[in-house]
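Ligands are counted one by one from 1 in listed order, and the atoms in each one are counted from 1 as well.
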Amino acid sequence: MDIIAKPPLRTGTAGTPPNLSDYDAERRTFTWDAARDLLDGLPDGGLNIAHEAVHRHAAGPRADHVAIRWIGKDDRVVDVTYAALADRVSRFADVLASLGVDRGDRVFALSGRVVDLYVAALGTLHHGAVFCPLFSAFGPEPIRERVGRGDGRVLVTTAALYRRKVAAIRDALPMLEHVLLLDEPDVEGTLHLPTLLQAAAPGRPVAPTRREDMALLHFTSGTTGMPKGAVHVHDAVLAHAVTGRFALDLHPEDVFWCTADPGWVTGTSYGIIAPLVLGVTMVVDEGEFDAARWYRILQDQQITVLYTAPTAVRRLMRAGTDLPGSHDLSSVRFAASVGEPLNPEALHWAEEHLGILLHDNWWQTETGGIMIANIAASEVRPGSMGRPLPGVVAEILAADDDGDPVLVDGAVVVLDEPDRVGALALRRGWPSMMRGYLHEPERYERCFVGDRYISGDLARRDADGWFWFVGRGNDLIKSSGHLIGPFEVESALIEHPSVAEAGVIGVPDPVAGEVVKAFVSLNAGWTAGEDLRRELYGHARSRLGPAVSPKQIEFTDDLPKTRSGKIMRRLLKARELGLAEGDTSTLETPA
Ligand code: ATP
Ligand code: MG
């Protein structure tokens with residue numbers, strides 16, 4: 001098996017060992033209760049994310065440490081210390097209080113990555129209200145749908161977004177009382193947030209929230225269907241702190257860049273909460289993806305820890321090797337990726353051309369934090385998402401062809417032998433687990449069998465305990481008695497130098513049941529055509545064998561993806577079969 005053994009570890013502060021250096025020992029002894037030492041807590045056993053992320057640092061020796069280093073679209077750099085952030089956050093909470101917003105009320109945000117978006121998130125938590133981020137590129141309908149379903153009482157946005165997307169749907173949102181604009185004053189039906197923040201009283205105490213109080217509402221990516229609203233509580237901060245240390249190896253002197261937008265759970269759990277709770281400096285880039293810009297940021301900001309997504313790595317690959325060659329990326333000592341399988345080819349490319357070893361990890365909106373990870377102290381197995389973190393128990397359950405667990409007398413069947421493919425399940429008990437799908441209690445209940453949470457993904461575990469993603473239950477292809485995960489086919493295709501990205505689905509076939517069809521986008525300099533197609537068939541066959549390799553290959557410039565960068569195989573399938581496309585609110589419209 002392909003295993004990348006680690007060279008001597010590069011750590012940020014010279015000589016600091018990784019936070020999780022002895023995986024087996026830590027797994028044996030770890031308890032979530034003991035890990036509470038990482039947190040401060042409120043008097044009387046209360047817990048509040050904003051207190052943990054901001055105020056306790058502002059009240060201590062880290063007050064003048066930079067919490068947020070913000071880089072504007074125009075490359076302007078603004079540093080916000082923990083003390084300055086704390087002042088603004090508590091003023092935001094005071095604004096909510098003066099508007100009569102109650103604890104538990106939902107505050108939505110629809111904005112690009114400006115500093116006050118982060119202030120709004122933390123100020124909402126400070127007030128004991130519930131923060132719900134939306135991706136700023138959503139159109140009016142997805143906004144109406146989410147704010148409506150989430151009972152939004154406050155919306156924080158910009159004048160331009162308000163005019164373009166919200167004004168026309170406002171009547172359809174009777175619950176939405178207050179719209180706070182981040183920029184322009186005097187827009188009818190809205191309030192000007194900077195003026196309110198100026199007038200607000202400083203030093204408002206943090207709301208005495210309890211561990212189980214609702215804190216965050218996150219809609220899923222919509223990769224497989226209508227997005228679900230996952231409810232998270234303040235206690236999730238314990239998992240953010242632990243996983244930020246274990247899976248991202250954050251140390252106090254790190255400069256951390258999570259490239260995800262807070263509109264997705266990654267951009268909140270690890271783009272706001274985890275780094276701040278651990279007191280590090282986090283970089284926020286207002287700009288959109290641009291390879292040259294990214295290399296510049298990594299170099300100029302001396303990023304030490306990077307958390308990104310496979311789609312971004314594939315885009316960097318597409319942009320070629322000249323740029324990384326002319327930048328010094330040596331400050332990066334640890335890098336991780338999440339959201340989709342990390343194709344081994346992308347991992348090898350980043351190692352060779354960026355000098356960065358990517359550590360794939362796995363989790364979901366529902367799990368609230370990283371569950372399975374390749375960690376700093378262990379070797380990396382390309383294509384594997386790593387091992388369950390301390391405090392997480394992951395199992396493979398016998399599953400049917402749709403990926404649902406097989407029940408025998410109402411009980412699941414745990415597959416203990418290595419390399420069996422089955423449903424990936426987690427034992428209940430980590431603090432950032434969702435506490436419900438908003439307004440969908442039955443759907444939530446269906447995620448569990450006893451004390452096991454069924455993730456909906458299929459995976460296998462190798463003999464050494466590493467987990468390998470196979471596919472989502474509903475993406476699996478059943479061909480002539482074989483069960484094929486699209487990921488292995490896609491990964492084999494992108495090993496070919498012409499292939500930038502691939503999306504693989506099953507299409508009905510009278511003989512085989514289904515056959516594998518691949519949609520392929522090409523790197524610059526390659527021409528789609530019969531010759532290349534034949535070459536790709538040969539390439540895939542030699543890698544995968546005849547049973548699994550694609551029987552059809554179609555070239556496309558436009559693989560449908562979610563805004564968080566996941567390939568939407570269900571759309572490829574619907575389009576292929578002429579079926580209804582279903583919910584497309586999270587579909588990225590190509591620039
Ligand atoms: P929806 O539930 O609305 O269909 P989604 O599942 O894509 O959308 P998220 O919660 O953002 O929404 O994504 C979680 C899913 O992403 C996981 O269930 C898994 O399928 C995929 N995923 C995340 N990380 C990885 C990884 N490292 N390897 C493979 N797949 C991953
Ligand atoms: Mg999901």
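Screening Val548, Val504, Val515 for a side-chain contact (heavy atoms from CB on, under 4.5 Å) with Ile477, the sole residue that qualifies is Val504.
Protein residues with a heavy atom closer than 4.0 Å to ligand 1 are Thr220, Ser221, Gly222, Thr223, Thr224, Lys228, Val338, Gly339, Glu340, Pro341, Asp360, Asn361, Trp362, Trp363, Gln364, Thr365, Glu366, Asp457, Phe469, Arg472, Lys566, listed by chain and number.
Ring to ring, Trp257 and Tyr270 are not that close: their centroids are 6.0 angstrom or more apart.
Here salt bridge (charged side-chain N to carboxylate O under 4.0 Å, His left out) pairs that include residues 382-394, with residues two or more places apart or in two chains, number zero.
Not counting sequence neighbours, the partners of Arg245 by the side chain to side chain contact (heavy atoms under 4.5 Å, CB included) test are Asn19, Leu38, Leu278. Taking Val414 as the reference, Glu395, Leu397, Val412, Asp416, Arg452 meet the side chain to side chain contact (heavy atoms under 4.5 Å, CB included) condition, with sequence neighbours excluded.
Figure legend: Arg146 and Phe219 shown as a cation-pi pair, the cationic atom lying under 6.0 angstrom from the six-membered ring centre and within 45 degrees of its axis.
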